[in-house]
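Here is the structure we will look at, set down as structure tokens.
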Protein chains: 2
Amino acid sequence: MQMSKTKQNLERSKSVEKSAAILKGAMQEFLKHGYAGTSMDQIAKVAGVSKATVYSHFGDKESLFNALMQDLVKDKFQTVLSLDRPQSLEQEPQKVLSAMATKMIETAQNDRAFCDFMRIVIGESGRFPELAKAYVNNMAKPAIEVLTHYFQSHPQLKLADPEATVRVMMGSLIYFIILQEMMHAKDILPLESDRLIKTLIDLITKP
Amino acid sequence: MQMSKTKQNLERSKSVEKSAAILKGAMQEFLKHGYAGTSMDQIAKVAGVSKATVYSHFGDKESLFNALMQDLVKDKFQTVLSLDRPQSLEQEPQKVLSAMATKMIETAQNDRAFCDFMRIVIGESGRFPELAKAYVNNMAKPAIEVLTHYFQSHPQLKLADPEATVRVMMGSLIYFIILQEMMHAKDILPLESDRLIKTLIDLITKP
DNA sequence: CTTGTCAAACTAATCGGTTTAGTTTAAATA
DNA sequence: TATTTAAACTAAACCGATTAGTTTGACAAG
């Protein structure tokens with residue numbers, strides 16, 4: 001039918017601002033109400049955009065959700081990377097590991113969206129296995145690998161199984177966050193993060 | 001208020017069988033599709049019951065969800081308790097703790113509904129804080145307390161902070177289950193549960 | 001006659017998704 | 001500079017299906 005374009009109008013590429021507004025609105029709603037609990041009308045409204053525009057940018061609800069979560073995984077990945085790349089690798093492991101753990105918990109405590117994000121990833125991991133795998137590949141795996149490499153390059157820690165030890169450390173911290181921050185257990189099972197971190201580091205760098 | 005019954009019609013008191021069928025159907029659907037993703041029509045259908053009956057037994061959707069999840073928490077609590085009450089308390093801690101950890105992971109691996117249950121509790125913990133608190137009070141807290149008591153009554157372990165050590169142990173195991181079983185990380189980040197358990201127990205009962 | 005149940009119809013709202021009819025934008029052309 | 005063109009956009013109506021929740025009227029049984 002129409003061959004009339006073909007000039008160079010790749011420019012007006014569907015107005016990046018609208019796309020960004022839609023993604024921002026979708027993030028707000030999906031994080032708050034979950035996938036099934038969020039409607040396209042809501043998203044269009046909070047994005048300040050017509051529903052038709054939402055559909056012209058992202059074909060359907062599932063595509064929008066996937067696109068958003070992929071973005072979000074990459075975004076939060078930056079956080080995790082900066083947490084796990086210890087700035088001062090040369091200090092004693094006790095200090096380095098302790099600082100990493102502290103920063104990780106502090107991040108979770110201050111970044112509300114991070115907890116909401118984790119909740120969605122876990123909660124929708126059954127219906128969106130690709131989302132779960134994106135989390136594993138882009139967040140859990142790099143974090144585990146960086147930490148494993150750190151453990152392996154510090155033989156003075158005398159760790160029999162650095163890979164498994166990483167899992168112990170990550171698990172302790174993440175379950176603490178899940179329990180205290182996500183499951184509202186702060187009042188029911190109070191525990192200072194410092195005590196957990198000290199105990200954990202002491203176990204790993206056993207005196 | 002009304003004392004009119006008091007005969008012995010505790011029998012046909014809304015037909016326990018129907019109630020059970022509804023709860024069973026609701027469990028199936030809620031665990032599979034989440035709260036917002038499940039409709040009352042679906043529940044009535046899979047329960048083999050009319051929708052009106054569902055509403056006459058449980059006032060509305062939210063009440064049904066809460067009633068079901070309370071039941072489920074109590075049910076799964078039995079599992080957790082039996083996991084944490086070591087049958088043979090008198091063996092060496094290495095054996096006792098190792099057996100507990102193994103049984104916990106095996107349960108999660110074999111009981112599909114257990115993973116679905118955990119997913120829902122975490123996923124809906126933002127919108128249903130009461131559900132999260134029920135989980136904490138009826139499952140996490142007892143498990144942590146039993147294990148804490150076990151640690152405290154075994155001073156030969158020389159644990160500086162038994163409470164925090166429990167968190168390390170529980171966190172390691174539960175994050176392993178979340179990653180491998182719920183987030184489909186088995187293929188991406190393979191790790192034998194035996195290695196994790198051995199490493200964890202070695203750290204706690206440091207030789 | 002009360003109680004529990006049923007299927008079915010019903011409400012009013014919302015869902016995901018499409019379509020329409022008309023407007024804004026910015027670049028290309030003349 | 002004025003005009004044309006095509007894409008992106010808008011609000012609004014529309015679609016059929018589905019939602020949570022109610023009501024009705026009939027039937028069975030203690």
Side-chain angles (χ1 to χ4, degrees), chain A residues 1-26 28-30 32-69 124 127-128, chain B residues 1-26 28-30 32-69 124 127-128:
Chain A
M1 323 282 188
Q2 69 300 32
M3 300 292 301
S4 45
K5 27 175 145 184
T6 346
K7 281 254 164 166
Q8 77 279 35
N9 35 358
L10 310 184
E11 295 320 299
R12 217 155 47 270
S13 65
K14 295 213 173 186
S15 152
V16 185
E17 311 135 33
K18 299 281 171 183
S19 254
I22 294 167
L23 284 172
K24 190 178 155 194
Q28 187 190 121
E29 295 303 296
F30 277 134
K32 203 183 297 177
H33 308 110
Y35 177 77
T38 299
S39 78
M40 297 297 267
D41 292 86
Q42 284 171 50
I43 292 174
K45 192 154 82 179
V46 309
V49 141
S50 83
K51 194 161 64 144
T53 303
V54 176
Y55 276 96
S56 97
H57 280 248
F58 309 87
D60 58 14
K61 190 185 183 183
E62 205 170 310
S63 303
L64 171 57
F65 181 73
N66 280 320
L68 169 74
M69 295 309 286
E124 307 285 2
R127 284 171 295 275
F128 293 90
Chain B
M1 316 301 181
Q2 73 290 45
M3 302 293 300
S4 49
K5 19 180 151 180
T6 346
K7 286 238 168 171
Q8 76 280 36
N9 37 357
L10 309 185
E11 299 316 300
R12 206 164 59 281
S13 69
K14 294 216 170 185
S15 155
V16 185
E17 312 135 32
K18 300 280 172 186
S19 253
I22 293 167
L23 283 172
K24 191 178 154 194
Q28 189 190 119
E29 296 302 296
F30 278 135
K32 202 182 299 178
H33 307 110
Y35 177 77
T38 299
S39 78
M40 297 297 266
D41 292 88
Q42 283 172 52
I43 292 173
K45 192 154 81 179
V46 309
V49 140
S50 84
K51 194 161 64 146
T53 304
V54 176
Y55 276 95
S56 97
H57 280 247
F58 309 86
D60 58 15
K61 190 185 183 182
E62 204 169 312
S63 302
L64 171 57
F65 181 74
N66 279 320
L68 169 72
M69 295 309 287
E124 306 286 0
R127 283 169 296 273
F128 294 89

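Protein chains get the first letters and strands the later ones, always in sequence-line order, with residue 1 at the start of each. These numbers come from the heavy atoms of this one structure, side chains and all, not from hydrogens, waters or symmetry mates.
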Phosphate OP1/OP2 of D:dA8: any A:Thr53 side-chain N/O under 4.0 Å: no
Nucleotide D:dA12, atom P - distance to NZ of A:Lys45 in whole Å: 13 Å
Taking distance alone, no hydrogens or angles, what donor-acceptor pairs closer than 3.5 Å link side-chain atoms of residues 34-44 of chain B to residues at least two apart or in another chain?
| from | atom 1 | to | atom 2 | distance (Å) |
| --- | --- | --- | --- | --- |
| B:Thr38 | OG1 | B:Glu29 | O | 3.1 |
| B:Thr38 | OG1 | B:Gly34 | O | 2.7 |
| B:Ser39 | OG | B:Gln42 | N | 3.1 |
| B:Ser39 | OG | B:Gln42 | NE2 | 3.4 |

Sequence-distant partners of A:Gln28, side-chain hydrogen bond (donor to acceptor under 3.5 Å, both in side chains), two or more places apart: none
Distance in angstrom units between A:Glu29 CD and C:dG16 C1', rounded: 16 Å
A:Ser19 (side chain) donor-acceptor with A:Val16 (main chain) under 3.5 angstrom: no
Selection residues 52-67 of chain B - residue pairs positive for salt bridge (Lys or Arg N to Asp or Glu O under 4.0 Å), sequence neighbours left out: none
Below 4.0 Å: OP1/OP2 of C:dG4 and any side-chain N or O of B:His57: no
A:Ser39 vs C:dC15: side-chain N/O to OP1/OP2 distance below 4.0 Å: yes
Contact under 4.0 Å: A:Gln42 side-chain N or O vs C:dC15 OP1/OP2: yes
Under 4.0 Å protein heavy-atom contact, by nucleotide of nucleotides 17-22 of chain C - B base, S sugar-phosphate only: BBB---
Euclidean distance, atom CD1 of residue B:Ile43 to atom P of D:dA20 [Å, nearest integer]: 8 Å
